[in-house]
Colleague: 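There's a structure below that I have some questions on.
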Amino acid sequence: MAAPLTPVTLTGSRVRLEPLSTDHVADLAEAASSDRSTFGLTWVPDGLDATDDYVASLLADHAAGLVLPFAQIDQHTGRAVGCTRYLDLRWWRGRDVPDEVEIGGTWLARSAQGTGINTEAKYLLLRHAFEVYDAWRVQIVTDARNARSRGGIESIGATFEGILRNHRIVADTPSPSPRQAAVYSVIRDEWPDVRTHLQTKMGVQP
């Protein structure tokens, strides 16, 4: 098993992605508590104790070399408004950094949705994966029923690869049930065009 990825802070104008820590628990619990209607197909902790357990679990997964979790910090308020992470890490070239990653486990407080934070966060994560890790592939996976999420993924320029049947579990049933997952990706050769597209979308200079 690979060693845990080194935590890193990724900074944009709207959002700062900083290494998840227990210091973020209170903000995240508050972010998750207001208008949970948009979380129907995404698992988001509910309450302070659940958020504490959620963060502890992600930190344990990081220590095991499975994920690199981030708190999404609203640059205007300085408060954590959601989470995201690299997961499903793959090493093919015997390096200290992965050759493939997935961007997932992403959620934002209702107040932070539609503000540009999500687009900029995806840009920062893609840029780091391709320009620092020199990754071959970045994938983004969502519940096939989640039209809002799928539209957001498509808007950043990712390519739809298909549906993985009975892949992982759904977030909206009381007992474990299989999820039909829509899989998207960006590969290394596509990154320059996707980068330009995202920079134009965000209104920033290359």
Side-chain angles (χ1 to χ4, degrees), residues 5-45 51 54-55 58 62 67-87 101-133 135 138-142 146-159 184-186 190-206:
L5 286 177
T6 301
V8 62
T9 297
L10 307 177
T11 302
S13 62
R14 296 178 178 87
V15 65
R16 182 174 72 255
L17 303 180
E18 62 183 39
L20 183 67
S21 79
T22 55
D23 292 340
H24 298 118
V25 169
D27 276 1
L28 291 174
E30 182 175 342
S33 68
S34 178
D35 188 1
R36 294 180 58 85
S37 63
T38 59
F39 300 152
L41 297 175
T42 303
W43 193 87
V44 177
T51 306
Y54 167 82
V55 170
L58 286 174
H62 173 251
V67 302
L68 183 60
F70 298 89
Q72 302 197 71
I73 310 298
D74 186 329
Q75 289 282 54
H76 298 299
T77 66
R79 302 193 64 178
V81 293
C83 284
T84 192
R85 61 186 178 267
Y86 289 134
L87 68 152
V101 300
E102 179 179 329
I103 296 171
T106 301
W107 63 271
L108 282 170
R110 180 65 186 91
S111 61
Q113 296 174 25
T115 63
I117 285 177
N118 182 59
T119 297
E120 187 173 64
K122 292 293 191 297
Y123 168 75
L124 294 171
L125 290 164
L126 286 163
R127 186 178 67 181
H128 190 74
F130 287 117
E131 298 182 11
V132 177
Y133 294 162
V138 176
Q139 74 173 14
I140 308 175
V141 181
T142 190
N146 196 334
R148 180 187 179 96
S149 176
R150 293 183 66 172
I153 296 167
E154 290 165 4
S155 75
I156 70 173
T159 297
Y184 295 81
S185 71
V186 179
E190 297 167 341
W191 170 237
D193 288 340
V194 171
R195 177 180 57 206
T196 298
H197 166 70
L198 285 172
Q199 289 170 339
T200 300
K201 184 178 176 70
M202 294 185 297
V204 300
Q205 294 296 319

Colleague: Indicate the atoms forming the closest heavy-atom contact of C83 with Q72, along with that distance.
Modeller: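 So the two residues come closest at O-NE2, 3.0 Å.
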
Colleague: Could you tell me whether the side chain of S34 and the main chain of E30 form a donor-acceptor pair under 3.5 Å?
Modeller: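 No; zero donor-acceptor contacts below 3.5 Å.
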
Colleague: Just verifying a value: how many Å separate L124 CG and T11 OG1, rounded to the nearest 0.5 Å?
Modeller: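 Between L124 CG and T11 OG1, I get 7.5 Å after rounding to 0.5 Å.
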
Colleague: What pair of heavy atoms forms the shortest contact from H62 to L5, and how long is it?
Modeller: NE2-O, 2.7 Å

Colleague: Do H24 side-chain atoms and V81 backbone N/O form a donor-acceptor pair below 3.5 Å?
Modeller: no

Colleague: Residues in salt bridge (Lys or Arg N to Asp or Glu O under 4.0 Å) with D27, at least two apart?
Modeller: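 Only R79 meet the salt bridge (Lys or Arg N to Asp or Glu O under 4.0 Å) criterion with D27.
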
Colleague: Tell me whether the rings of W191 and F130 are parallel (<30°), tilted (30 to 60°) or perpendicular (>60°).
Modeller: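 Rings of W191 and F130: parallel, as their planes differ by under 30°.
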
Colleague: Mind checking whether L125 and V101 have side chains closer than 4.5 Å, heavy atoms only?
Modeller: no

Colleague: Got T9 and R16 here, is their nearest side-chain heavy-atom distance under 4.5 Å?
Modeller: yes

Colleague: Side chains of R14 and Q75, heavy atoms from C-beta outward: is any pair under 4.5 Å?
Modeller: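 With C-beta onward as the side chain, the pair stays apart.
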
Colleague: Take the angle between the ring planes of F70 and Y86 and call it parallel below 30°, perpendicular above 60°, tilted in between.
Modeller: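 Rings of F70 and Y86: perpendicular, as their planes differ by over 60°.
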
Colleague: Answer yes or no: is there a side-chain heavy-atom contact under 4.5 Å between V15 and Y123?
Modeller: no

Colleague: Is there side-chain contact between L108 and T115, with at least one heavy-atom pair below 4.5 Å?
Modeller: no

Colleague: Distance from T106 atom OG1 to R85 atom CZ, nearest 0.5 Å?
Modeller: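 Spacing of OG1 (T106) from CZ (R85) equals 8.0 Å.
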
Colleague: How long is the span from the CG atom in L28 to the OG1 atom in T22, to the nearest 0.5 Å?
Modeller: 11.0 Å

Colleague: Can you measure from OG (S155) to NZ (K201) and round to the nearest 0.5 angstrom?
Modeller: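 If we round to the nearest 0.5 Å, S155:OG and K201:NZ are 4.0 Å apart.
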
Colleague: Using every non-hydrogen atom in the two residues, find where I117 and A112 come nearest and quote the distance to one decimal.
Modeller: CD1-CB, 4.1 Å

Colleague: Quick one: closest heavy-atom pair of L58 and V67, and the distance?
Modeller: O-CG2, 3.8 Å

Colleague: Between A31 and A80, what is the shortest heavy-atom contact and its length?
Modeller: CB-O, 3.9 Å

Colleague: Spell out, as yes or no, whether a donor-acceptor pair under 3.5 Å connects the side chain of E120 to the backbone of S13.
Modeller: yes

Colleague: Among residues at least two apart in sequence or on other chains, which ones pass side-chain contact (heavy atoms from CB on, under 4.5 Å) with A158?
Modeller: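 For A158, the residues satisfying side-chain contact (heavy atoms from CB on, under 4.5 Å) (neighbours in sequence not counted) are I153, I156, Y184, V186.
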
Colleague: How many angstroms lie between atom CD of Q199 and atom CZ of R127, to the nearest 0.5 angstrom?
Modeller: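 Atom-to-atom, Q199:CD and R127:CZ are 8.0 Å apart.
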
Colleague: So how far is it from R110 CZ to R36 CZ, rounded to the nearest 0.5 Å?
Modeller: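 The CZ atom of R36 is 14.0 Å from CZ of R110, to the nearest 0.5 Å.
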
Colleague: Please report the shortest heavy-atom distance between V138 and A129, naming the atom on each side.
Modeller: CG2-CB, 3.6 Å

Colleague: Answer whether the closest heavy-atom distance between the side chains of L126 and L198 falls below 4.5 Å.
Modeller: yes

Colleague: Go through the structure and list residues passing salt bridge (Lys or Arg N to Asp or Glu O under 4.0 Å) with R150, not counting sequence neighbours.
Modeller: none

